[in-house]
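Reviewing the structure listed below.
Everything numeric in this text was worked out from a predicted model, so none of it was measured.
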Amino acid sequence: MIVEVTDQPLDLAAHEAAVADPRAGAVVSFEGVVRDHDHGRGVVSLDYEGHPTATAVLREVAAEIAQDPEVYAVAVSHRVGALKVGDVAIVAAVSTAHRQAAFAACARLVDEAKARLPIWKRQVF
């Protein structure tokens, strides 16, 4: 299982490989990418700052999603530091037997990570 908060670029393929399981009929993955706008304002870059507990919180979130009996494996990482437009800020991957469960679990994983992670974003407009 990959679960990390890092200042290094995130690797979607590594996260997908980490959730590979011969029982899985579905692997759903997500990349959250820095976009060039927010509420009508042009964004030049972002700076993410993480609390020292961020990795532990992310592990808790991943463990909760992994407890779902339909979920075979989970991988999730969030980036901190200076990111430019087009950089990947969060990557998540989930494997399950069926696509509907995989989509739902991946959405929950991303939503819970975004809601609970002590990571703050400063946008440069």
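Without hydrogens or angle criteria, Asp68 side chain to Ile65 main chain gives no donor-acceptor distance under 3.5 Å. Between the side chain of Asp38 and the main chain of Arg41, no donor-acceptor pair closer than 3.5 Å is present.
For the residue pair Thr96 / Glu70, no side-chain donor-acceptor distance below 3.5 Å is found, with atom types taken as modelled. No hydrogens or angles considered: nothing links the side chains of Ser29 and His15 as a donor-acceptor pair under 3.5 Å.
Across all non-hydrogen atoms, the minimal contact from Ala18 to Ala73 is O-CB, 4.4 Å. Scanning all heavy atoms of the two residues, the minimum distance from Phe125 to Val44 falls at C-CG2, 3.9 Å. Residues Ala54 and Pro118 approach most closely at CA-CG, 3.8 Å, considering heavy atoms. Shortest non-hydrogen contact noted between Lys84 and Val34 is O-CB, 3.5 Å. Val76 and Ala62 get closest at one heavy-atom pair: CG1-CB, 4.1 Å. Here the closest heavy-atom approach between residue Leu83 and residue Ala89 is recorded as CD2-CA, 3.8 Å.
A single hydrophobic cluster is seen to contain both Met1 and Val5, as judged by linkage of ILVMFWY side chains at heavy-atom distances under 4.5 Å, directly or through other members. A single hydrophobic cluster is seen to contain both Val33 and Leu12, as judged by linkage of ILVMFWY side chains at heavy-atom distances under 4.5 Å, directly or through other members. Hydrophobic clustering (ILVMFWY, side-chain heavy atoms < 4.5 Å, transitive): Val110 and Leu10 are in distinct clusters.
Here NE2 of His98 is found 14.0 Å from CZ of Phe103. Values are rounded to the nearest 0.5 Å. Rounding to the nearest 0.5 Å gives a distance of 11.0 Å between CG of Asp87 and CD of Glu31. Rounding to the nearest 0.5 Å gives a distance of 11.0 Å between CD of Glu16 and OG of Ser95. Atom CD in Glu4 sits 8.5 Å away from atom CZ in Arg59 (nearest 0.5 Å).
Residues that satisfy the side-chain hydrogen bond (donor to acceptor under 3.5 Å, both in side chains) test with Glu64, not counting sequence neighbours, are Arg116. Residues passing the side-chain hydrogen bond (donor to acceptor under 3.5 Å, both in side chains) test with Thr53 are His51, sequence neighbours excluded. With sequence neighbours excluded, the residues that form a side-chain contact (heavy atoms from CB on, under 4.5 Å) with Lys121 are Leu46, Tyr48, Gln123.
In this structure the side chain of Phe30 never reaches within 4.5 angstrom of the side chain of Val91, judged on heavy atoms. A 4.5 Å side-chain heavy-atom check between Leu117 and Leu58 finds at least one atom pair inside the cut-off.
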Under the side chain to side chain contact (heavy atoms under 4.5 Å, CB included) criterion, do Val74 and Leu109 qualify, and how do the steps go?
CA-CA 9 Å; Val74 171; Leu109 177 60; 3.6 Å; yes
Kindly determine whether His78 and Lys114 satisfy side chain to side chain contact (heavy atoms under 4.5 Å, CB included), including the steps that lead there.
CA-CA 9 Å; His78 200 296; Lys114 296 298 276 182; 4.1 Å; yes
Apply side chain to side chain contact (heavy atoms under 4.5 Å, CB included) to residues Val80 and Ile119 and explain how you reach the verdict.
CA-CA 8 Å; Val80 292; Ile119 292 179; 4.1 Å; yes
Can Ser77 and Ile2 be said to form a side chain to side chain contact (heavy atoms under 4.5 Å, CB included), step by step?
CA-CA 7 Å; Ser77 297; Ile2 298 173; 3.5 Å; yes
